[in-house]
Colleague: 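Sharing a structure here in structure tokens format.
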Amino acid sequence: MSAVTLILMVIALLGALVAVSVRDIVHAIFGLAGALLALAALFTTLGSPLVGAMEVLIYVGGISVAMIFAVMLSPHVGRDLRETPARRLGAALIASLLFAGAALAVLSGPAVPDTPEAAGAFDPALVGHALLGDWLLAFEVLSVVLLLAIMGAVIIATREPPAPADAAPAAEEARP
Amino acid sequence: MSALAQIPILPLLLATPLACTLLTLVVPERLIKPLNATLSALALGLALALALGFDATTGGYQFAFVRPWIPAFRIQLDLAADGIAVLMSLLNAVVYFTGTLTMWSLNHRTREYFAFISLLVFGVFGVFLSRDLFAFFFFYEVAVLPMYPLIAVWGSTRKAYAAMKLTLYLMAGSALLFPSLIALYVLGGGDTWSIPELARRGFDPSVQVFLYPFLYVGFGILAGMWPLHGWSPTGHVAAPTSVSMLHAGVLMKLGAFGILRVAIGILPHGAEVWAPVAASLATAGIIYGAFVAWRQTDFKYVIGFSSVSHMGIVLLGLATLSADGTRGAVFQMFAHGVMTALFFSVVGFIYDQTHDRDIDHYGGLATQVPVAGTLFILAALCGMGVPGFASFVAEFLVFVAALQAWPVLGIIAIAGLVITAAYLLRVLGKALFGPPNPERAGLLDLRPVQALPRVILAGLLLLFGFVPQLALDLISHIGAVVK
Amino acid sequence: MTPLTAFNLCALALFCMGLYGVLARKNLIAMLIGVELMLNAASLNALAWGRYGLVDPAHAAVSGQILVLFIIGLAAAEAAIALAIILAVHRHRHSVDVDDLDTLEG
Amino acid sequence: MVLDTPTLTRLALAALAAPLCAFAIAGLALRSRPRAAAALVIASGALTALATLAILALADAPIQQVWTWLRVGDTDLGFGVLLDPRSRLMGAVVGVITLLVQIYSTGYMAHDPGRTRFFALLALFEWAMLGFAYAPDLLQAFIFWELVGLASFFLIGFWYDRPEAIAAAKKAFIMTRVGDVAMLIGLVLLFALAGTLDIRESLDRLHSLLQGHGITSLQVEVAAALLFVGVVGKSAQFPLHTWLPDAMAGPTPVSALLHSATMVAAGVFLFARFEELFLLAPLTRSAALLLTAFTALLAALLASVQVDIKRVWAWSSISQLGTMLAGLAAGGLSSGLFHLTTHAAFKALLFLSAGALIHHYGTQDLRALGRAGARRDRLTMLGLLVGAAALAGIPGFAGFASKEAVLTAVHDVPGRAAATGFALLVIGAGFTAYYVGRVAFLLLRPTAAEPHEPTPPDAHGHPPTTAMSASILTLTLITLALAFAGPLVASLLGQPLPELALAHAVPGIAAVALGLAVAVFDFGRKSSAPPLFERVPALHGLLLRGFYVDAIYQRVFVGAARLCARALHFAETRLLDPAADGLARLTLAMGEGTARGQSGQLQRYIGVAALLLACVALWLGFAE
């Protein structure tokens with residue numbers, strides 16, 4: 001295991017830490033972007049440059065930017081994220097319990113091979129063939145899903161809010 | 001017979017109420033009642049044709065009509081009628097027809113009411129005529145479920161409570177039934193749902209002993225089995241007239257029919273092992289229902305608890321597992337069905353005028369409304385098991401069989417006749433006889449058109465009382481379960 | 001510690017951080033950030049397993065990558081929808097505090 | 001002349017069919033035409049009377065003709081006629097008495113708005129009773145036995161707007177039903193023992209089975225005892241006797257019919273029909289003898305203090321039924337049935353003439369009737385006195401011959417039980433003479449007025465009509481004639497009446513003479529001394545209340561049944577229903593509890609899910 005890999009891991013984890021802990025949402029998004037970049041690099045070290053590139057393009061370039069736009073478009077969307085200590089403690093407890101349990105399982109699990117496959121097998125061309133061969137149906141479905149998601153997002157985001165008089169009693173009714 | 005055999009009479013009989021449901025939903029408002037009357041008369045005619053065309057000398061299943069339904073699970077629409085099914089279909093058709101006529105004055109959500117009623121009747125026909133276990137259960141649920149809206153929307157006293165109670169009890173029964181039926185399918189080889197085929201294959205004795213109580217109790221709840229009868233008097237009381245008629249007259253018979261056809265039919269050994277328990281519960285129901293009916297002040301509660309008592313006689317007859325007892329039980333199902341239908345139709349007629357069912361608030365009804373009063377008296381006489389009425393021969397057969405199978409239980413059950421006489425005569429004495437209550441002076445008697453359905457029911461009671469052979473011929477092929 | 005185990009642990013840590021974010025944050029966008037972290041943790045695992053031949057031995061070379069590609073595609077769709085919903089909610093309620101959004105309560 | 005079998009069968013069927021048709025037509029079609037209904041019913045009654053008389057007189061060997069009514073499995077349940085001496089005699093009694101009562105009713109019920117119903121029910125009553133008398137098999141016997149009870153329910157409760165009539169009818173139906181239940185069980189047992197529903201065949205088989213040890217004598221005893229309980233209920237014997245005096249709430253012609261030829265006679269006839277069975281059951285027979293003789297005495301005592309003329313006759317019926325049954329239990333078939341026949345005539349006569357007086361003077365109180373001038377209705381009083389003489393057992397009248405025959409039959413039975421029964425019967429006969437004398441003197445020699453007298457509903461203030469008088473006259477003649485019918489009955493039944501030895505007859509005659517003498521002493525003189533029983537007020541009160549038997553029943557049995565009903569009603573409303581409701585509420589509460597966890601807050605759901613996942617992971621980790 002190379003030092004590069006290790007460093008990348010540390011960067012990713014630090015970015016993630018920033019993403020979930022800082023009080024400014026914009027900072028958090030930048031933390032996320034950092035972690036994602038490190039992950040993209042890790043993907044490349046795992047012999048998958050194509051995936052790493054997609055990660056950068058879609059996540060860092062798409063999703064993160066969309067988040068920043070969303071924050072910018074909606075005023076006072078929590079530039080000041082303050083959670084109660086109890087809430088953070090509870091979340092941390094659950095997360096660390098899960099981490100402890102799963103780490104224990106990983107470490108005490110059966111031995112796994114530590115020899116990576118030959119890098120040649122990770123030719124992007126192969127991926128392309130597989131994607132348009134065996135996985136063609138899933139690929140097409142995914143494209144439809146994406147299309148629908150975009151259309152849905154447009155519809156949801158552009159619908160005018162109903163008159164508050166209607167909305168309020170509906171909310172009241174829902175509360176028993 | 002040969003000409004009749006060409007007509008697929010069972011699918012027609014099943015399709016009539018279903019068609020009625022669908023047509024009721026679409027025809028104009030003013031045509032709903034004529035449509036229902038016509039189609040229920042058609043169903044009655046088909047049921048009569050079925051009874052006349054049935055060859056009682058050969059017995060067995062006749063008029064078979066088999067089509068695949070869900071082939072993947074070998075589920076079939078397997079319609080066939082044996083004598084019991086013929087008799088029960090006749091009962092259902094009679095109560096359907098007369099019940100429809102008694103609701104002529106309904107004007108609240110007529111469309112939905114008649115749609116639900118004919119759906120219920122469709123389910124009941126399906127149960128009686130299905131030889132396929134899955135279809136049997138399917139139709140059983142179709143028959144049971146419309147009760148909830150029918151009571152909750154068109155009912156009276158504590159209708160929401162009664163409807164919910166009824167539904168919960170019956171769902172509890174179904175919850176016992178459904179897994180048991182699947183168990184029968186799986187343990188029976190997993191390749192057939194046919195009831196006769198499953199019965200022929202037989203089951204391991206330990207399986208029978210384990211499964212039988214589930215089936216018995218599951219069906220028994222619908223049959224008003226003590227002590228799980230609580231839904232039935234409350235439901236009777238709350239339901240509108242024709243629903244009460246169908247409910248007590250036909251629906252409770254589904255439970256007894258299920259016990260006979262499925263529980264005893266497929267698991268005879270289990271039935272034999274559990275017979276003493278079943279007979280004891282039935283006897284307890286006879287006595288308990290009669291005593292509790294004695295304390296009631298509401299007309300419909302009296303009849304409701306009398307149903308518990310009379311269904312106890314049915315269950316006692318079934319529990320004897322003898323030929324005579326089973327015949328008596330099936331005949332009693334028919335007699336009790338017609339009788340309670342008559343009871344509820346007359347009580348409903350009076351209730352519609354006064355909105356009061358307290359027997360202490362009446363008196364001298366026989367003077368005030370002689371026709372309705374006479375019909376009620378006839379029903380009460382049938383309830384007491386007086387000779388000349390259909391229930392006499394039925395109860396006699398059950399009692400003879402019970403005395404032979406369990407002398408002590410038989411004697412207790414026969415002693416119930418005294419209590420039955422006491423509570424029915426109490427109602428007659430308070431409400432029908434005695435000095436007329438001046439507050440009820442304005443009561444109208446039945447007009448001829450209104451009397452027609454009730455007179456049909458009373459006439460059937462007398463007809464089958466004087467010529468019980470009509471019914472007994474149909475069910476003469478019932479054999480003893482345990483020789 | 002083998003490299004694979006290291007990748008697994010790293011992914012696990014990312015996942016748990018994401019979980020922490022989802023649980024601790026009240027802001028919807030912040031929660032979305034946590035979700036993205038969890039998804040990426042899963043992707044990292046999938047790639048690592050693919051690299052070390054634990055995914056679908058017949059097509060070990062590509063299966064892990066394809067899986068991750070699909071995850072990324074779906075994540076894009078998910079993020080688009082989620083952001084749209086967040087904007088819509090914000091317009092309705094003038095809040096993206098998840099504690100206020102309990103109309104699903106039974 | 002003897003008629004052939006098909007003719008006799010046809011006659012019997014006609015006798016059965018006529019009243020049923022009359023009932024159906026009168027009840028359904030002639031509701032608004034009472035005259036036509038009455039005419040129709042009387043025509044059917046006349047036809048039946050003629051047919052039954054012809055069957056009585058013109059038959060020879062027993063005839064049994066059965067048609068299948070229904071077939072259950074391999075068992076045929078038959079409907080048919082059995083014309084043997086017993087049923088021929090009973091049928092003729094039913095036919096003649098019913099006809100006379102129907103004719104009488106045209107006058108008696110002339111003003112009643114419900115007389116169509118009345119005549120229809122009379123026809124139903126006759127049909128039921130005749131069907132029972134001619135029944136050749138157990139099921140048919142039971143069916144018509146029940147129908148007799150049903151018809152008498154409707155007739156006792158004829159004036160159904162009067163609560164006491166309804167109460168009496170209810171009581172009659174329920175009390176006899178207690179007997180019916182026992183009888184049904186007995187019949188089923190008999191069927192199980194003998195394996196056939198045919199009455200005569202089953203009795204024959206019982207005999208041979210008992211000899212061949214196919215069945216035990218205990219089984220026969222039990223069957224006989226159960227049948228006897230049915231008899232006790234129907235014939236109003238102690239302890240199921242309290243319904244009969246109350247049954248007076250019906251119209252008087254109904255009482256006449258009920259007490260003579262139908263209803264109560266059905267019990268006696270059942271005993272006679274199963275005489276062979278009872279002969280095989282000596283224990284039951286002894287018990288029956290004692291019980292019925294005791295009833296005869298008890299009822300005679302109670303009759304001695306009544307002031308309501310119909311009540312006197314009612315108690316006297318119970319007493320006389322006890323006498324008949326004692327005779328039958330002693331094995332005196334012809335004595336018992338002879339007494340049934342004479343009693344049917346004179347008791348009908350007594351009720352009809354009492355009815356004529358009530359109709360005329362508007363009261364049922366003996367003293368009031370006397371004061372009002374009952375003695376001026378000469379024909380009615382003649383009939384009443386002839387009937388009374390027959391009831392008292394004055395030599396030369398019908399009752400004397402038959403009662404002496406019964407007494408002799410009981411006397412001829414060895415054993416202490418029979419001796420006790422004989423003593424009870426003799427004392428009973430003495431009291432019978434006493435209360436008969438009392439009635440006669442109270443009617444003929446009026447006493448001082450009482451302040452308050454209620455008017456019964458069948459008062460119309462005119463002397464008996466021609467139809468009523470004609471019936472009374474006919475019955476008077478029949479009663480007089482029956483005094484000499486003993487040998488005829490005996491030869492018909494094939495069992496000679498026991499020889500009337502002087503030694504046996506003396507106690508009976510002496511008791512009657514003594515009773516009459518006391519009656520003369522008490523009521524025949526112009527004296528202010530209180531009569532026999534009123535000198536002991538405590539006893540008088542006890543007798544007036546029937547030894548509190550009714551009250552005890554109300555307390556014990558009715559009370560117990562009511563208590564049972566209350567308890568079960570409590571169980572239903574307070575235990576079973578709440579249990580079900582509680583179950584439902586528990587389910588609801590569980591649902592609500594679960595729903596509370598469903599806060600709608602996404603993070604809680606995720607948190608819980610993650611926690612569970614963590615637990616699974618931990619478990620897996622430690623398990624490895």
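To find a chain, count down the sequence lines: A is the first, B the second, and so on, and within it residues start at 1. Below, all heavy atoms of this structure are taken into account, side chains as well, without hydrogens, waters or symmetry copies.
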Colleague: Measuring heavy-atom distances to chain C, does A/Leu98 have an atom under 4.5 Å in its side chain, in its backbone, in both, or in neither?
Modeller: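 Looking at A/Leu98, backbone and side chain both touch chain C.
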Colleague: Output the distance between atom NZ (C/Lys26) and atom CZ (A/Arg87), rounded to the nearest 0.5 Å.
Modeller: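 Rounded to the nearest 0.5 Å, the NZ-CZ separation comes out at 6.0 Å.
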Colleague: Do A/Phe43 and C/Leu44 have side-chain heavy atoms sitting under 4.5 Å apart?
Modeller: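 Yes, at least one pair of side-chain atoms sits under 4.5 Å.
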Colleague: Going from CD1 on C/Ile71 to CD on A/Glu55, what distance comes out if it is rounded to the nearest 0.5 angstrom?
Modeller: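 Going from CD1 on C/Ile71 over to CD on A/Glu55, the span is 10.0 Å.
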Colleague: Using non-hydrogen atoms and a 4.5 Å limit, figure out which bit of A/Ser21 sits close to chain C: side chain, backbone, both or neither.
Modeller: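 It is the backbone, since no side chain atom gets that close.
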Colleague: I need the C/Leu9 CG to A/Phe99 CZ distance, nearest 0.5 Å.
Modeller: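 Atom-to-atom, C/Leu9:CG and A/Phe99:CZ are 6.0 Å apart.
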Colleague: Looking at every heavy atom in both C/Arg25 and A/Ala28, which two are closest together, and how far apart are they?
Modeller: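 Nearest heavy atoms, C/Arg25 then A/Ala28: NH2-CB, 4.3 Å.
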Colleague: If every non-hydrogen atom of A/Ile63 is compared with every non-hydrogen atom of C/Ala79, which pair is closest and at what distance?
Modeller: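 Result for this residue pair: CG2-CB, 3.8 Å.
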Colleague: Tell me, for C/Leu87 versus chain A, whether the close heavy atoms (under 4.5 Å) come from the side chain, the backbone, both or neither.
Modeller: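 Only the side chain of C/Leu87 comes within 4.5 Å of chain A.
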Colleague: For A/Ala95 and C/Leu19, work out which heavy atoms get closest and say how close.
Modeller: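 Nearest pair, atom of A/Ala95 first, then C/Leu19: CA-CD2, 4.1 Å.
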Colleague: Heavy-atom pairs under 4.5 Å with chain C - which of A/Ala12, A/Ala35, A/Ala138, A/Gly90 has more of them than the others?
Modeller: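 Most heavy-atom pairs under 4.5 Å with chain C: A/Ala138.
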Colleague: Does some side-chain heavy atom of A/Leu57 sit less than 4.5 Å from a side-chain heavy atom of C/Ile72?
Modeller: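 No, their side chains stay 4.5 Å or more apart.
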Colleague: Using a 4.5 angstrom heavy-atom cutoff, name the option from C/Cys16, C/Ala13, C/Cys10 with the most pairs to chain A.
Modeller: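 Of C/Cys16, C/Ala13, C/Cys10, C/Cys16 has the most heavy-atom pairs under 4.5 Å with chain A.
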Colleague: Between A/Met9 and C/Phe7, is a side-chain contact (heavy atoms from CB on, under 4.5 Å) present by the stated rule, with each step listed?
Modeller: CA-CA 8 Å; A/Met9 280 183 186; C/Phe7 280 113; 3.4 Å; yes
Colleague: For A/Ala149 versus C/Ile81, what's the shortest heavy-atom pair and its separation?
Modeller: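 Shortest heavy-atom contact: O-CD1, 3.4 Å.
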Colleague: Identify which part of A/Leu36 has an atom lying under 4.5 Å from any heavy atom of chain C, answering side chain, backbone, both or neither.
Modeller: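 Just its side chain gets close to chain C.
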Colleague: Once rounded to the nearest 0.5 Å, what's the spacing between atom CE of A/Met67 and atom CG of C/Leu32?
Modeller: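 It is 3.5 Å, given to the nearest 0.5 Å.
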Colleague: My understanding is that only residues two or more places apart in sequence, or in another chain, count here; which of them pass side chain to side chain contact (heavy atoms under 4.5 Å, CB included) with C/Ala76?
Modeller: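 Testing C/Ala76 for side chain to side chain contact (heavy atoms under 4.5 Å, CB included), a comparison that skips the adjacent residues, returns A/Ile58, A/Leu146.
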Colleague: For A/Ala66, what residues pass the side chain to side chain contact (heavy atoms under 4.5 Å, CB included) criterion, not counting sequence neighbours?
Modeller: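 If we apply the side chain to side chain contact (heavy atoms under 4.5 Å, CB included) test to A/Ala66, skipping adjacent residues, the hits are C/Leu83.
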Colleague: Tell me the closest heavy-atom pair linking A/Ser48 and C/Leu47, and the distance in Å.
Modeller: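 Result for this residue pair: OG-CD2, 3.4 Å.
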Colleague: Can you confirm whether A/Phe139 sits close enough to C/Leu69 that some side-chain heavy atom of one is under 4.5 Å from a side-chain heavy atom of the other?
Modeller: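 Counting from C-beta outward, A/Phe139 and C/Leu69 never come under 4.5 Å.
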Colleague: What I'd like to find out is whether the side chain of A/Leu131 reaches to under 4.5 Å of the side chain of C/Phe70, using heavy atoms alone.
Modeller: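 With C-beta onward as the side chain, the pair touches.
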Colleague: Given a strict heavy-atom distance threshold of 4.5 Å, which part of A/Ile29 is in contact with chain C: side chain, backbone, both, or neither?
Modeller: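 The answer is both parts of A/Ile29.
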Colleague: Compare every heavy atom of C/Gln65 with every heavy atom of A/Val127, then report the nearest pair and how far apart it is.
Modeller: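 Result for this residue pair: CG2-OE1, 3.4 Å.
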Colleague: Given a strict heavy-atom distance threshold of 4.5 Å, which part of A/Leu42 is in contact with chain C: side chain, backbone, both, or neither?
Modeller: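 The side chain, not the backbone.
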Colleague: Identify which of C/Val68, C/Asn40, C/Ile85 forms the greatest number of heavy-atom pairs closer than 4.5 Å to chain A.
Modeller: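 Greatest number of close heavy-atom pairs with chain A: C/Asn40.
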Colleague: Do other residues, nucleotides or ligands put more than 12 heavy atoms under 6.0 Å from the CE atom of C/Met38?
Modeller: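 Result for CE/C/Met38: enclosed.
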Colleague: Answer with side chain, backbone, both or neither: which region of A/Leu39 has an atom nearer than 4.5 Å to a non-hydrogen atom of chain C?
Modeller: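 Contact with chain C is through the side chain of A/Leu39 alone.
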Colleague: Please state whether the side chain, the backbone, both or neither of C/Ala82 comes within less than 4.5 Å of a heavy atom of chain A.
Modeller: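 Neither part.
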